[in-house]
*Asks:* 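This is the structure I have questions about; it appears just below.
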Amino acid sequence: MRVRKAVLPVAGFGTRVLPATKTIPKEMLPVVDRPAIQYVVDEALEAGIEHIVFVTGRNKGAIEDYFDISYELEESLKKKNKTAILEQVQQTVMPAGTASFVRQQSPLGLGHAIWCARDIIGNEPFAVLLPDVIVKGKPSCLAQMVKAYDEVGGNIVAVDPVPMERVSSYGVIAPESRDGRLIKMSGMVEKPPMESAPSNLKITGRYILQPEIFGLLADQAAGAGGEIQLTDAMARQMESQAYYAYEFEGREYDCGSKLGYFEAVLAYALDNPETAEGARELVKKMAAGL
Ligand code: G1P
């Protein structure tokens with residue numbers, strides 16, 4: 001069955017970029033001229049996703065409003081004949097019935113957040129995109145994974161290599177054999193100490209999962225950091241279902257961290273026709289200490 005739905009967990013507090021995120025959801029921080037979450041939604045849409053389930057929490061209302069129509073704003077732009085920007089504003093509106101919002105009341109972990117979407121996903125394969133991570137790739141990271149999924153089925157997690165010193169911040173896979181970008185694995189572990197990490201291939205934050213994961217998440221015990229971890233439930237699902245890692249082509253930016261966010265802004269500014277030249281000049285000047 002085709003992957004039609006995606007879950008975006010957006011309930012997190014954004015503690016790594018406080019106090020900026022005290023009143024603004026971290027997913028709404030701008031990367032050049034669009035909020036970070038827009039890039040992730042676009043990635044999902046490019047991959048053929050038709051319905052997005054946002055798992056939200058308190059203080060996340062701005063996300064819901066962003067994907068809704070803003071009647072007063074549109075009218076005002078129309079009156080002023082600002083057609084180019086009006087078009088861009090209109091493009092942010094998700095068509096009726098293609099977005100759902102469900103609340104995770106307590107921050108019990110990523111696994112619990114995904115479990116909150118179970119009724120809306122139902123009994124079909126689905127994608128998960130962690131909006132902290134923006135992946136710049138052509139085709140998009142999830143589109144590459146969907147293509148692989150259409151060939152092999154099962155469950156797929158995106159991975160990319162990190163320096164060994166950083167593996168303890170991520171989920172890490174144990175690779176077994178490789179066919180191009182597709183990797184067969186023998187296990188995965190959440191936030192392992194560097195000494196016992198099975199590889200330096202970290203889980204990037206893009207997944208295609210079979211719905212049986214929900215049954216496992218329902219009774220998943222808390223793991224790393226005292227949280228219900230998606231990685232732990234996936235490791236259990238591996239015992240009965242095919243799992244692959246996919247080393248995608250592209251570059252990822254972790255917008256949940258100060259430096260990652262800055263890097264994302266810079267990368268997209270250097271890529272945007274409106275800002276590219278100016279951004280290049282600025283970088284040169286700043287690097288030269290001017
Ligand atoms: C989550 C996942 C982890 C993954 C990471 C990617 O961790 O649990 O497996 O490697 O996202 O960013 P978190 O960043 O929520 O600690």
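Just follow the structure's listing: the first ligand is 1, and inside any ligand the first atom is 1. These numbers were taken from a predicted model, which means no experiment stands behind them.
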*Asks:* Check this for me: does any side-chain nitrogen of one of E263 and R251 sit under 4.0 Å from a carboxylate oxygen of the other?
*Replies:*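 Looking at E263 and R251, the cut-off is met.
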
*Asks:* Are R280 and E277 within salt-bridge range, i.e. N to O under 4.0 Å?
*Replies:* no

*Asks:* Could you tell me whether D254 and R16 make a salt bridge, using a distance below 4.0 angstrom between a side-chain N and a carboxylate O?
*Replies:*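 R16 and D254: salt-bridged.
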
*Asks:* Is the shortest side-chain N to carboxylate O distance from D219 to R236 below 4.0 Å?
*Replies:*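 R236 and D219: salt-bridged.
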
*Asks:* Tell me whether atom 10 (O) of ligand 1 lies less than 4.0 Å from at least one protein heavy-atom position.
*Replies:*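 Yes.
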
*Asks:* So, Q241 and E212: side-chain donor and acceptor under 3.5 Å apart, yes or no?
*Replies:*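 Side-chain D/A pair, Q241 to E212: present.
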
*Asks:* State, with a plain yes or no, whether a side-chain heavy atom of E50 is found less than 4.5 Å away from one of T98.
*Replies:* no

*Asks:* Which heavy atom of the protein is the closest neighbour of atom 1 (C) of ligand 1, given with residue, atom name and distance?
*Replies:*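 Scanning the protein heavy atoms, the shortest distance from atom 1 (C) of ligand 1 goes to L130 CD1, 3.8 Å.
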
*Asks:* At the 4.0 Å heavy-atom cut-off, does T204 count as touching ligand 1?
*Replies:* yes

*Asks:* Which of the numbered atoms in ligand 1 are below 4.0 angstrom from a heavy atom of L110?
*Replies:*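 Under 4.0 Å from L110, ligand 1 has these atoms: 2 (C), 8 (O).
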
*Asks:* So is there a nitrogen or oxygen of K191 less than 3.5 Å from a nitrogen or oxygen in ligand 1?
*Replies:* yes

*Asks:* Would one find an N or O of V133, backbone or side chain, under 3.5 Å from an N or O of ligand 1?
*Replies:* no

*Asks:* Hey, which atoms in ligand 1 end up nearer than 4.0 Å to a heavy atom of T231?
*Replies:*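 Once the distances to T231 are compared, the set is 9 (O).
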
*Asks:* Please list the nearest protein heavy atom to atom 8 (O) of ligand 1 with its residue and the distance rounded to 0.1 Å.
*Replies:* E190 OE2, 2.8 Å

*Asks:* Please indicate whether any nitrogen or oxygen in G171 is less than 3.5 Å from any nitrogen or oxygen in ligand 1.
*Replies:*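 Yes; the residue has a nitrogen or oxygen that sits under 3.5 Å from a nitrogen or oxygen of the ligand.
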
*Asks:* Atom 4 (C) of ligand 1: which protein heavy atom is closest, and how many Å away?
*Replies:*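 I find the closest protein heavy atom is I203 O, 3.3 Å.
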
*Asks:* With a 6.0 Å cut-off on ring centres, are F126 and F214 close enough?
*Replies:*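 Close enough - the centres of the two rings lie under 6.0 Å apart.
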
*Asks:* If you count the atoms of ligand 1 from 1 in the order shown, which ones are under 4.0 Å from a heavy atom of Q229?
*Replies:* 8 (O)

*Asks:* For V265 and P30, which heavy atoms make the closest approach, and how far apart are they?
*Replies:*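 Answer, listing the atom of V265 first, then P30: CG2-O, 4.0 Å.
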
